[in-house]
Amino acid sequence: MDAITTQFDAKQQLELVQFLDIGLIVIDCQLKIKMWNSFMTNHTAIEADEAIDQQLFSLCSNLPVDYLRRKFQSVITLQSALTITWQQRPYIFKMNNYRPITSKAEFMYQNIRIIPLMNGNAVVDHIAIAIYDVTEAARSHLNFQEQNKQLKLASRIDPLTNLFNRGYWESRLEAEFKRYSRAHSSSVLVMLDIDHFKIINDTYGHQGGDAVLRSLGELLIKQHRITDIIGRYGGEEFGILLLDTTTEKAVTLAQNLSDELEKNTVIYDNQEIDITLSFGITEINRAFTSHEQWIDMADKALYQSKQNGRNQATVLNQV
């Protein structure tokens with residue numbers, strides 16, 4: 001009777017394993033498959049009788065072989081289970097996500113548990129690999145991270161021009177000033193202002209003025225180098241921090257921006273709006289004691305450009 005009960009229990013246990021909502025593979029120490037449950041069949045289209053006694057890496061050719069060999073060896077040597085989370089690797093077994101309606105993930109995110117199975121002599125002779133589908137939790141976590149990233153970005157961006165807002169831009173300028181204090185690398189601050197912006201607002205209305213600001217923002221983004229730090233300082237004034245740049249190159253940049261504005265007239269309400277820019281250019285030097293002093297010097301240069309007739313660049317490097 002006990003033998004019958006034992007057989008019955010073993011059969012029930014096997015059926016339970018087959019229909020668990022996790023993948024389960026058992027391999028021997030030669031990496032030959034000894035168990036392949038229904039989950040694996042459903043998600044790989046490989047039947048159990050096709051998988052049994054096949055070498056794992058031959059049957060599943062897209063596995064990270066070296067990575068898994070190290071994990072298997074660790075489990076055997078330490079006789080201790082280990083877990084591979086989706087944050088470490090999104091998946092080990094490449095399977096399509098079977099919840100396309102509720103999840104945008106193309107492939108199934110997985111947590112993997114590798115478990116040593118010991119024989120009666122306390123020697124590991126088989127390894128169990130459990131595959132957990134964690135796609136929903138992973139996507140929820142990633143979506144949350146993306147939302148936080150967008151919120152963080154939004155807190156740094158001026159919504160009208162898509163440039164950095166004043167607070168974040170000035171924090172970057174301050175960081176560059178501190179870097180200069182240590183490394184004495186060359187950087188140039190360019191402050192620029194749209195000439196006669198009040199007249200533009202009075203003539204075309206604030207929406208026309210906004211169109212001009214947006215167009216200038218687009219031009220600055222288009223013309224900038226990846227290392228340039230560009231922000232809207234306030235109203236119609238903008239700041240460009242040019243890292244590892246000389247005064248001569250900054251003057252060239254100002255000229256190029258003015259030339260591009262001549263080629264790209266702003267169109268608002270079927271009307272052309274011609275704009276020009278005035279620039280103040282200041283290269284960092286050891287006489288400055290703060291980033292605010294750097295801004296103040298570039299602003300003084302900008303003021304001189306306006307006093308001298310606008311649509312020009314003025315360099316002012318001495319405190």
Subject >> R156 to F164, cation-pi by 6.0 Å centre distance and 45° axis angle >> reply: no
Original post:
Taking atom types as modelled, is there a side-chain donor on E272 or T265 under 3.5 Å from an acceptor on the other?
Top reply: no
**OP:** Answer yes if the ring centres of Y204 and Y268 are under 6.0 angstrom apart, and no otherwise.
**Re:** no
**OP:** Could you please spell out the steps behind the salt bridge (Lys or Arg N to Asp or Glu O under 4.0 Å) verdict for D66 and R70?
**Re:** CA-CA 6 Å; D66 293 338; R70 290 195 298 271; 5.5 Å; no
Original post:
Does R113 make a cation-pi contact with Y132, if we ask for NZ or CZ under 6.0 Å from the ring centre and within 45° of the axis?
Top reply: no
Original post:
Have E146 and Q150 got a donor and an acceptor in their side chains that come within less than 3.5 Å?
Top reply: yes
**OP:** To the nearest 0.5 angstrom, please state how far the OH atom of Y109 sits from the CD atom of E136.
**Re:** 11.5 Å
Original post:
With a cut-off of 6.0 Å (strictly less than), are more than 12 heavy atoms of other residues, nucleotides or ligands near CD of Q207?
Top reply: no
Original post:
How far does CG of D133 sit from NE2 of H43, to the nearest 0.5 angstrom?
Top reply: 6.5 Å
Original post:
Mind checking what makes side chain to side chain contact (heavy atoms under 4.5 Å, CB included) contact with L189, not counting sequence neighbours?
Top reply: W169, L173, M191, W294, I295, A298
Original post:
Taking atom types as modelled and ignoring hydrogens, do the side chains of T282 and N317 form a donor-acceptor contact shorter than 3.5 angstrom?
Top reply: no
Original post:
Just wondering, more than 12 heavy atoms not from K306 lying within 6.0 Å of its NZ?
Top reply: yes
Original post:
So, do E237 and L302 sit near enough that their side-chain heavy atoms are less than 4.5 Å apart?
Top reply: yes
Original post:
Only one of K249, R225, R179 clears salt bridge (charged side-chain N to carboxylate O under 4.0 Å, His left out) with D244; which?
Top reply: R179
Subject >> Within-4.5 Å side-chain heavy-atom neighbours: D53 and K34 >> reply: yes
Original post:
Between Q255 (side chain) and V251 (backbone), is there a donor-acceptor pair under 3.5 Å?
Top reply: no
Original post:
Would S278 and Q312 count as having a side-chain donor-acceptor pair, cut-off 3.5 Å?
Top reply: no
